[in-house]
Amino acid sequence: MPNSSFRRIVAGIIFFSLTVVGAVIGYMVAGWNFLDAIYMVVITIFGVGYGEVQPLSSPPLKVFTIFVIIAGALSVAYTVSGFVQMITEGEIHRALNVKRMTNEIASLEDHVIICGFGRIGQLVARKLKRDRQPFIIVDNDPERVALAQEQGYLMYQGNATDEAALEAAGIHRAKSLATVLPNDAANVFITLTAREMNPALMILARGEMPSTEKKLRLAGANHVVLPASISALRMAHLISHPSAVDFLSQTDGQHGLNEFLAELDIQLNELVIDATSPLIGGTIGDIEVKGQGTFITVALRRADGEVIIHPSRATYLTLGDSIILMGHQGDMPNFAQQNAIKKEMRYRGARLR
């Protein structure tokens with residue numbers, strides 16, 4: 001333990017100091033001056049072997065010198081052993097931490113990789129931890145690495161633009177990557193590298209300049225966030241619609257939009273058009289008719305990542321599409337159940353024919 005090694009060092013230094021003081025006093029009592037006494041103590045304890053300052057003619061003085069040699073050697077050895085223990089324990093502790101981190105990274109599945117632990121990276125990590133979403137942070141700044149470790153985050157020290165660092169972070173097993181560095185060029189390079197290493201990865205990228213958004217999307221980013229633009233829009237909304245913004249801000253950051261809507265008995269839900277869905281080939285209008293006006297279609301996300309806000313009723317649905325619906329909480333399960341029943345009835349009818 002680091003505390004035990006520190007206590008050993010302190011005890012050794014105290015014992016050594018007492019030995020030196022006691023030996024000097026002993027030689028001065030024997031009639032030596034202070035300089036001769038201190039010189040005799042030094043050459044005796046450290047075994048220099050220059051010879052005695054004055055002849056040790058009396059047996060008591062010889063016995064006293066023997067005790068000085070033993071006490072001095074033991075105190076020095078005890079102090080040095082404390083330093084060795086501290087260094088050894090530090091190396092062992094560091095090796096165990098590296099081993100533990102390696103094991104934790106190897107066990108990660110469907111996790112998020114956060115590239116950069118600056119201001120935005122810290123906010124993202126805090127939110128993911130609150131949502132109990134597994135994640136790992138990649139950063140090469142020692143201070144930020146230490147800060148992340150103090151907060152109990154899983155951390156890998158390395159350059160996120162390096163393939164080896166992303167490989168060590170388990171990019172092939174990850175479900176998402178968020179590159180939030182303040183450098184647009186680095187974010188573009190990380191996005192390009194990550195997309196090449198894991199084509200199925202969902203990539204969220206930060207952009208400082210609006211012109212960077214196109215580059216990030218071309219590099220393979222699914223979503224691009226421009227903090228400056230978001231802040232500017234919020235400020236404009238606060239100026240134009242202060243009451244509405246204040247109303248939506250009453251959740252004070254503790255709940256997401258879905259939790260806030262749930263308090264109004266409303267929820268956002270996602271309907272995925274998979275291979276078994278009866279909605280393949282249908283339209284948005286078909287879904288709204290089946291829903292009988294109990295919800296509205298907010299957005300449609302195509303299988304290739306394209307997002308259509310408030311799609312028209314004539315928009316056709318294909319395999320892999322996801323529909324974002326907003327409606328009353330009790331109507332969503334009923335709608336899903338009705339579709340399952342209709343699907344089963346249509347399947348049975350096909351078999352009868």
Side-chain angles (χ1 to χ4, degrees), residues 1-3 5-6 83 85-198 201-208 212 216 219-221 223-228 253:
M1 302 292 289
N3 288 337
S5 59
F6 181 76
F83 280 107
Q85 180 184 358
M86 179 177 289
I87 296 173
T88 304
E89 286 179 346
E91 293 298 328
I92 294 175
H93 185 67
R94 189 177 298 108
L96 290 176
N97 282 340
V98 172
K99 180 65 175 177
R100 177 186 58 80
M101 183 191 70
T102 303
N103 292 336
E104 290 184 10
I105 294 176
S107 64
L108 286 175
E109 292 284 348
D110 293 330
H111 59 287
V112 179
I113 300 175
I114 303 175
C115 299
F117 195 62
R119 184 182 68 257
I120 295 181
Q122 293 174 25
L123 294 174
V124 173
R126 193 180 310 158
K127 174 61 176 173
L128 292 178
K129 183 178 181 180
R130 189 161 55 238
D131 294 342
R132 297 182 180 179
Q133 169 67 53
F135 65 91
I136 180 173
I137 302 166
V138 179
D139 202 305
N140 61 352
D141 185 89
E143 293 184 1
R144 290 196 290 265
V145 170
L147 177 61
Q149 291 175 341
E150 288 177 4
Q151 298 178 6
Y153 298 150
L154 187 59
M155 187 80 197
Y156 181 83
Q157 184 170 359
N159 193 336
T161 60
D162 188 0
E163 290 187 13
L166 297 178
E167 182 77 32
I171 190 172
H172 296 295
R173 304 185 307 276
K175 71 173 184 179
S176 304
L177 179 143
T179 173
V180 293
L181 296 172
N183 187 315
D184 283 357
N187 287 330
V188 171
F189 190 83
I190 292 172
T191 300
L192 190 64
T193 304
R195 178 57 67 209
E196 181 181 1
M197 297 179 69
N198 186 350
L201 189 70
M202 185 180 76
I203 301 177
L204 302 93
R206 168 189 177 182
E208 291 297 314
T212 310
L216 288 168
H223 304 282
V224 178
V225 178
L226 303 174

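In what follows, residues are counted from 1 in the order of the sequence shown. The shown structure was predicted, so the numbers you read here are calculated from the model rather than taken from an experiment.
Taking the side chain as every heavy atom from C-beta outward, Cys115 and Leu166 approach each other to under 4.5 Å. Contact annotation: the side chain of Leu147 approaches that of Gln151 to within less than 4.5 Å [non-hydrogen atoms, C-beta and beyond].
The nearest pair of heavy atoms linking Asp141 to Glu143 is OD2-N, 3.1 Å. Ile113 and Ala169 get closest at one heavy-atom pair: CD1-O, 3.8 Å. For Ala165 against Val138, the heavy-atom pair with the smallest separation is CB-CG1, 4.2 Å. Between Ile137 and Ala125 the shortest heavy-atom distance is CD1-CB, 4.2 Å.
Each of Val124, Val225, Ile120 was compared with Arg206 under the side chain to side chain contact (heavy atoms under 4.5 Å, CB included) criterion, and only Ile120 meets it.
Remark: Tyr153 pairs with Phe117, Phe135 by the ring-ring contact (aromatic ring centres under 6.0 Å, His included) rule, at least two apart or across chains. With sequence neighbours left out, Val224 forms a side chain to side chain contact (heavy atoms under 4.5 Å, CB included) with Glu213, Leu216, Arg217, Ala221, Leu226. Arg144 meets the salt bridge (charged side-chain N to carboxylate O under 4.0 Å, His left out) test with Asp139; sequence neighbours excluded. Partners of Asp162 according to the side chain to side chain donor-acceptor pair (under 3.5 Å) rule, which considers only residues two or more places apart in sequence or in another chain, do not exist here.
Evaluation of the ring-ring contact (aromatic ring centres under 6.0 Å, His included) test over residues 155-197, restricted to residues two or more places apart or in two chains, returns none. Within the structure, the side chain to side chain donor-acceptor pair (under 3.5 Å) test picks out no pair touching residues 107-121 (sequence neighbours left out).
Atom CG of Leu154 sits about 12.0 Å away from atom NZ of Lys129, to the nearest 0.5 Å. Distance check: Leu128 CG to Leu123 CG gives 11.0 Å after rounding to the nearest 0.5 Å. For the atom pair Met197 CE and Glu167 CD, the distance stands at 4.5 Å (nearest 0.5 Å). With rounding to the nearest 0.5 Å, the separation of CD1 in Ile171 from CD in Glu196 is 10.0 Å.
When atom types are taken as modelled, the side chain of Arg173 and the backbone of Leu108 share a donor-acceptor pair closer than 3.5 angstrom.
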Counting only pairs under 3.5 Å, give me each side-chain donor-acceptor contact of residues 175-184, with atom names and distances, residues two or more places apart or in other chains.
unit_1: Lys175; atom_1: NZ; unit_2: Gln133; atom_2: OE1; d: 3.2
unit_1: Thr179; atom_1: OG1; unit_2: Asn187; atom_2: OD1; d: 2.5
unit_1: Asn183; atom_1: OD1; unit_2: Ala185; atom_2: N; d: 2.9
unit_1: Asn183; atom_1: OD1; unit_2: Ala186; atom_2: N; d: 3.1
unit_1: Asp184; atom_1: OD1; unit_2: Glu208; atom_2: N; d: 2.8
unit_1: Asp184; atom_1: OD2; unit_2: Glu208; atom_2: N; d: 3.3
unit_1: Asp184; atom_1: OD2; unit_2: Met209; atom_2: N; d: 3.1
unit_1: Asp184; atom_1: OD2; unit_2: Thr212; atom_2: OG1; d: 2.6

